[in-house]
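Order of listing sets the numbers, starting from 1, for every ligand and every atom in it.
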Amino acid sequence: MKLGVLGSTGSVGSQTLEVYERVGGDVELVGILARRASEKLLSQAIRYKPRFVVSYEEPTKEWLSRLPSGTKFLKGDEGLDAIISESDRLMNAVSGVHGIKPAYEILRKGKVLLASNKESILCLGDFIREHRGRVLPVDSEHNALFQLLGSVSREEVKNVFITASGGPFRDKKIEELKDVSVEDALKHPRWNMGAKITVDSATLMNKGFEVLEASYLFDLPLDMIKVVIHPQSVVHAILELRDNSFLMHASPTDMRIPIMHALFYPKRMDYPFGRVSPLELSGLVFERVDTKKFRALELARWAGYMGGPYVPVLVGADEEAVELFLKGKIPFLRIVELIERALEEVELQEPKTIEEIVEAVEWGRRKVREIYEREYAGKV
Ligand code: MG
């Protein structure tokens, strides 16, 4: 199998390379891609010796001179095309809206998409649905659902649950959320992730996104997809079957497990990073979500029902609002408030091209910025 890793220097990208190196199997590394020609990208090229290393930034002469002899540097979209054309499977771990185009090109060229980038799944909804036979989800909840849904027939399934850790504010009252700090929001109890997604986990917008993603990835009606709080983050998804049996998927909170699954599917490989005892799964707790406290969840669902430009606008509005929060410009609860306001003002046509999708995302960003400047700037 020929593998391309897009977004190789990020968390999922680096762990994909680690799995590639440690698990073995019959995998050839075609190329790695990152936005910046960083020291990390160079060290990955030296260590894993792909055929192509691609960045969107011009590297220095010194950087280029240190590449291994069998590795060729290509810049930007030319490099993206080369990696996609030469690979069978591509990990799309590019971060943010930059991941939309790669996902589209991978599927358009008939290749298998290992889908980690959320924005592409959210913004290419129908396109993802049409090509879902070639999409292997990497996010832990969707990877779990993929495995569960593959083991039963659709008529047997009554509801689908994805789990949420509940984030750092699971036990706080709404009133207490008024003055939580950036540091509080960045303390995720389970996963160690980037700042944006950690804040999205604190508002539960991340889970709202995942409900929409599940709908596109598995062609399920939104009403069928529920969320349950599960603080241990060991069970990732649950199927409720017609006869009231529940099928659950459990694995330790280690992204290398879903990465391994997607990389080698349908083969299941040995986990090379140590054994986990089933005793570590004891004491599982499930709780109802407080949707009054975590309004992001219903807001995302609403955007999904509306369809058209609403989901790309939601993605952009969330990016901007989270950024304002991280910069200390707005309090925590205003993140969702600003997103809601932006969604209420949507007056766009349904986007039909990648460019129009990205434009709708940008529109969401601008709208939040505009509302903030108009009404809140300077008065946190
Ligand atoms: Mg997840």
Side-chain angles (χ1 to χ4, degrees), residues 7 10-16 19 91-96 99 103 113-123 125 128 135-149 160-170 185-218 220 222 225-239 248-263 284 286-287 289 294 296-297 299-301 304 311 314-315 318-319 322:
S11 162
V12 169
S14 315
Q15 293 183 79
T16 304
V19 165
M91 170 63 76
N92 183 17
V94 170
S95 74
L113 168 66
L114 311 184
S116 172
N117 173 272
K118 282 181 185 260
E119 287 75 4
S120 55
I121 304 171
L122 290 166
C123 295
I128 293 283
V135 181
L136 293 167
V138 173
D139 201 1
S140 55
E141 297 80 1
H142 304 101
N143 183 267
L145 270 186
F146 180 89
Q147 298 193 42
L148 288 168
L149 288 167
V160 154
F161 291 83
I162 55 176
T163 61
S165 73
F169 305 142
R170 182 172 62 99
L186 289 180
K187 272 183 221 135
H188 194 277
R190 286 287 152 184
W191 299 95
N192 204 346
M193 306 172 292
K196 161 73 170 50
I197 189 168
T198 306
V199 175
D200 281 341
S201 302
T203 59
L204 256 68
M205 184 58 88
N206 182 54
K207 215 42 67 176
F209 286 161
E210 289 181 355
V211 168
L212 301 179
E213 288 175 71
S215 161
Y216 304 143
L217 287 165
F218 306 109
L220 294 167
L222 280 169
I225 309 163
K226 323 271 183 197
V227 174
V228 64
I229 301 282
H230 166 55
Q232 291 97 337
S233 302
V234 164
V235 171
H236 305 294
I238 305 167
L239 297 189
M248 303 190 186
H249 176 281
S251 67
T253 42
D254 178 348
M255 277 310 291
R256 293 174 302 190
I257 297 172
I259 290 171
M260 262 177 75
H261 176 268
L263 203 54
L284 299 179
F286 299 98
E287 295 164 0
V289 188
F294 296 114
L297 208 52
L299 199 56
R301 207 182 272 280
V311 176
L314 172 73
V315 167
D318 178 62
E319 272 189 12
V322 169

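- In this structure, Phe218 and His142 have parallel ring planes: the angle between them is below the 30° cut-off, well short of the 60° mark.
- Between the Mg ion (ligand 1) and the N, O or S atoms of Glu210, the shortest distance is to OE2.
- Looking at Glu141, its N, O or S atom nearest to the Mg ion (ligand 1) turns out to be OE1.
- Under the side chain to side chain donor-acceptor pair (under 3.5 Å) criterion, Lys226 pairs with no residue at all, not counting sequence neighbours.
- Sorting the N, O or S atoms of Asp139 by how far they are from the Mg ion (ligand 1) puts OD1 first.
- With sequence neighbours excluded, the residues satisfying side chain to side chain donor-acceptor pair (under 3.5 Å) with Ser251 are His236.
- Asp318 and Lys196 are joined by a salt bridge, as a carboxylate oxygen and a charged side-chain nitrogen come within less than 4.0 angstrom of each other.
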